[in-house]
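Below: the structure, in structure tokens.
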Amino acid sequence: MKRFDIITIMPDLFQGFTDESLLARAQKKKIFKINVHNLRQWTTDKHKTVDAKPFGGGVGMVLKVEPILKAVKKIKQKNKKARVILFSPRGKKFDQEMAERFAKLDQIILISGRYEGVDERIAKHVADEVISIGDYVLLGGEVPSMAVIEAISRMIPGVIAKEESSRKPDHPQYTRPESIEISGKKRGVPKVLLSGDHKKIKEWREKNTKKLR
Ligand code: SAH
């Protein structure tokens, strides 16, 4: 069984995500397990401090090294080969090819930043890879963790019904009804899809495919 270990200061954000949909089913089928860890459990002070002011000044707070380092050490104890991923808008852009590469790993540890980010020593000396999900800045690494887990899990055999649909690039899809009024106009579907001509359908789909790689 594969494992995803998420390190976050907002574990509640993952409740619905891990307990619903295909991810819940895949976990029941023991295809993989998603573990959510509250970073605060690795603090030692009364206030469970995970952040501090940036050296050099500036606004906001930065996630400290110690709790993250402890978390990673603890999670890695059982599996030295677990891959450590840190989320940062300055990281390497996540794509389908990366998702396929990660799908082959046994265990992935995902570190979600918050506030003004994470002490750079985590990127330099703890993380194996630093990843961005796009050229925009979010509030935290939790949504990126979810995006990456969804993309990877589709590549793991048994997670979605037909294995072939997980690897196929994307073409437009239509379903019933054949015709429907939208804003006063009847809107149909491409005739070829109703023709029953599998060769023509395949050609149409190939022509209208967005290649992901
Ligand atoms: N000032 C920081 C931004 C911090 S955003 C900087 O320029 O790096 C807070 C956290 O959200 C980051 O530490 C990261 O974990 C996450 N995050 C924000 N945008 C992201 C993106 N596009 N991809 C991946 N993670 C992102």
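Position 1 is the first residue of the sequence; numbering continues from there. Whatever order the structure lists them in is the order used to number ligands and atoms, beginning at 1.
- Between Phe102 and Phe94, the ring planes lie parallel to each other; the angle is under 30°, not in the 30° to 60° tilted range.
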Indicate every side-chain donor-acceptor pair of residues 185-193 with a distance under 3.5 Å to a residue at least two apart or in another chain.
none

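- Contacts of Gln41 classified as side chain to side chain donor-acceptor pair (under 3.5 Å), with partners at least two apart in sequence or in another chain: none.
- At a 4.0 Å heavy-atom cut-off, the residues surrounding ligand 1 are Phe87, Ser88, Pro89, Arg90, Gly113, Arg114, Tyr115, Glu116, Gly117, Ile131, Ser132, Ile133, Gly134, Tyr136, Val137, Leu138, Leu139, Gly140, Gly141, Pro144, listed by chain and number.
- Considering only residues two or more places apart in sequence or on other chains, Pro11 meets the side chain to side chain contact (heavy atoms under 4.5 Å, CB included) condition with Thr8, Val36, Asn38.
- Residues Met98 and Lys93 share a closest heavy-atom pair of CE-O, 3.2 Å.
- Looking at every heavy atom in both residues, Ile109 comes nearest to Ala82 through CD1-CB, 3.9 Å.
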